Amino acid sequence: MIQVGLEHFLVVGTLLFALGVVCVIIRRNAVAILIGIELMLNASGLNLIAFSHYNDRAVEGSIFVLFIIVLAAAEAAVALALILAIKRRMKTIDLDRTNSLRG
Amino acid sequence: MSFSLLDLVFYAAALVTLATAVYAVGSRNIVRAVFALLGTFFGMAVLYGMLAADFVAVIQVLVYVGGILVLLLFAVMLTGNIETAPRSNRSAGLWLGALTGLALLALLVPLAIQAPWQKSGVGEFTQTTASIGSALLSNALLPFEVISIVLLGIVIGAVVIARHRQAEDTEAGK
């Protein structure tokens with residue numbers, strides 16, 4: 001076990017990102033897929049903060065992550081609205097059955 | 001081989017973050033998955049704090065735990081049949097997911113460990129709030145203004161999409 005450094009944080013971020021991708025692929029519930037997307041956004045934020053911390057504590061990493069957090073919140077709000085609309089129209093949020101656009 | 005307190009905090013926070021994330025991905029019950037995400041977001045806040053990003057850590061707790069998590073819970077509660085939504089796709093979804101995840105890890109973890117990342121030292125700790133504030137009003141002013149317009153559009157758009165339309169409903173109910 002070596003002292004905790006940049007690589008440790010990058011590995012945690014990678015694991016979190018892979019979990020998010022797996023979540024988006026294997027889940028059918030629209031809310032669960034939204035959870036996967038949030039995991040991926042968090043992983044990218046961790047990487048940005050780690051890089052900026054190990055480069056003279058640059059403040060740009062924090063600013064990037066703040067914008068990511070704002071966009072994640074906005075995305076969650078729109079996704080909630082879309083999920084409610086889909087639920088009203090199709091009576092399900094199982095994304096394998098919301099395929100009425102398929103020819 | 002010696003553990004400092006900081007290392008212990010890191011491993012504990014990383015363990016909590018990843019374990020709850022695994023539970024959120026794997027749980028069949030979507031309500032439990034959302035509550036497991038609470039641990040993930042708090043663990044991320046601890047990791048941000050360890051990286052001396054104090055302002056981002058606080059914002060992480062405020063926005064993710066106080067906002068996004070509640071929004072996800074609303075989505076779960078409003079869409080009903082919580083228990084029944086199955087985890088996997090009909091055909092090979094689980095295998096495809098596991099394969100993609102393992103391929104990603106095999107590609108990215110060696111890269112993260114071995115690549116010669118640029119590191120120019122850590123420097124003295126200073127609180128970041130003041131420097132973030134002045135950067136948002138100088139260098140990052142344009143994205144700051146753009147994102148406020150984006151937020152306005154999001155608010156209007158979400159209301160328009162989610163609004164209950166009477167005509168549409170009676171048409172769908174026929």
Side-chain angles (χ1 to χ4, degrees), chain A residues 1 3-4 6-12 14-19 21-23 25-29 31-32 34-36 38-39 42 46 49-51 53-57 59 61-63 65-67 69-74 76-85 87-89 93-94 96, chain B residues 1 7 10 14 18 21-22 24-25 30 33 37 44 47-48 51-53 55-56 59 63 67-68 71-72 74-76 78-79 85-89 93-94 96-97 100-101 104-105 108-109 112-113 117-123 128 131-132 135 140 143 147 150-151 154 157-158 161-162 172:
Chain A
M1 291 281 186
Q3 216 203 344
V4 170
L6 172 62
E7 287 80 6
H8 291 72
F9 289 97
L10 293 186
V11 170
V12 172
T14 308
L15 288 169
L16 215 58
F17 186 84
L19 278 171
V21 172
V22 170
C23 187
I25 292 177
I26 69 173
R27 306 276 277 199
R28 279 199 286 190
N29 189 325
V31 181
L34 194 61
I35 290 175
E38 299 296 343
L39 285 180
N42 260 295
L46 184 61
I49 292 275
F51 276 123
H53 176 68
Y54 286 100
N55 284 289
D56 292 324
R57 298 184 193 277
V59 77
S62 294
I63 292 175
V65 174
L66 286 179
F67 283 128
I69 289 176
V70 170
L71 286 177
V78 171
L80 170 64
L82 281 175
I83 288 171
L84 287 182
K87 170 76 179 175
R88 255 208 321 269
R89 186 169 270 273
I93 55 167
D94 182 338
D96 278 2
Chain B
M1 157 172 172
D7 292 355
F10 170 79
L18 291 173
V22 166
V25 171
I30 189 73
L37 222 52
M44 289 292 296
L47 291 177
Y48 286 152
L51 290 168
F55 186 69
V56 176
I59 292 295
V63 174
I68 294 180
L71 220 65
L72 284 174
F74 264 108
V76 170
L78 288 175
T79 49
R87 174 169 54 172
S88 176
N89 286 316
L94 203 56
L96 187 66
T100 314
L104 255 178
L105 287 184
L108 289 181
V109 171
I113 293 174
W117 302 114
Q118 179 195 333
K119 283 183 259 186
S120 59
V122 169
T128 56
S131 49
I132 287 175
I147 212 153
V150 168
L151 279 179
I154 292 282
I161 293 171

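Below, chains carry the letters A, B, ... as their sequence lines are ordered, and counting in each starts from 1. Keep in mind that this is a model prediction, so the values were computed, not measured.
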Least distance between heavy atoms, B:Gly97 atom then A:Ile26 atom = CA-CG2, 3.8 Å
Indicate the atoms forming the closest heavy-atom contact of A:Asn42 with B:Tyr48, along with that distance.
-> O-OH, 3.9 Å
Between the CG atom in B:Leu104 and the CZ atom in A:Phe17, the distance rounded to the nearest 0.5 Å is 6.5 Å
If one checks every heavy atom of A:Val12 against chain B at 4.5 Å, the contacting part turns out to be both
Residue, of A:Leu46, A:Val11, A:Leu39, that accumulates the most heavy atom pairs under 4.5 Å with chain B = A:Leu46
Heavy-atom proximity to chain A below 4.5 Å, by part of B:Leu151 = side chain
Heavy-atom pair with the smallest gap, counting every atom of B:Ala135 and A:Val59 | CB-CG1, 4.4 Å
Of the listed residues (A:Ile83, A:Leu66, A:Val21), which shares the most heavy-atom pairs with chain B below a 4.5 Å separation?
-> A:Leu66
One option among A:Ala73, A:Gly61, A:Ala79, A:Ala32 has the most heavy-atom pairs under 4.5 Å with chain B, and it is A:Ala73
Cut-off 4.5 Å, heavy atoms of chain B, and the answer for A:Phe51 is side chain
Return the option, out of A:Val22, A:Leu19, A:Leu34, with the maximum number of heavy-atom pairs under 4.5 Å with chain B.
-> A:Leu19
How many angstroms lie between CG in A:Leu15 and CG in B:Leu18, if you round to the nearest 0.5 Å?
-> 5.5 Å
Hey, could you give me the CD/CG distance between A:Glu38 and B:Leu37, rounded to the nearest 0.5 Å?
-> 7.5 Å
Side chain, backbone, both or neither of B:Val109 within contact of chain A (heavy atoms, under 4.5 Å) | both
For B:Ser131, is it the side chain, the backbone, both or neither that has a heavy atom under 4.5 Å from a heavy atom of chain A?
-> both
Bottom line for B:Ile147: the part with an atom under 4.5 Å from chain A's heavy atoms is side chain
Output for pair (A:Leu80 CG, B:Leu71 CG), nearest 0.5 Å, gives 5.0 Å
Contact winner vs chain B - A:Asn55, A:Val31, A:Thr14, heavy-atom pairs under 4.5 Å = A:Asn55
Closest non-hydrogen atom pair, A:Leu10 against B:Ala112 | CB-CB, 3.8 Å
Determine the minimum heavy-atom distance between B:Ala140 and A:Ile63, stating which atoms define it.
-> CB-CG2, 4.2 Å
Chain A contact via B:Val150 - which portion, at a heavy-atom distance below 4.5 Å | side chain
Does atom CZ of A:Phe67 have more than 12 heavy-atom neighbours from other groups under 6.0 Å away?
-> yes
Take B:Ile30 and A:Arg27 through the side chain to side chain contact (heavy atoms under 4.5 Å, CB included) test and state the conclusion after the steps.
-> CA-CA 10 Å; B:Ile30 189 73; A:Arg27 306 276 277 199; 3.5 Å; yes
Might you point out which heavy atoms bring A:Ala77 and B:Ile154 nearest each other, and give the distance in Å?
-> CB-CG2, 4.5 Å
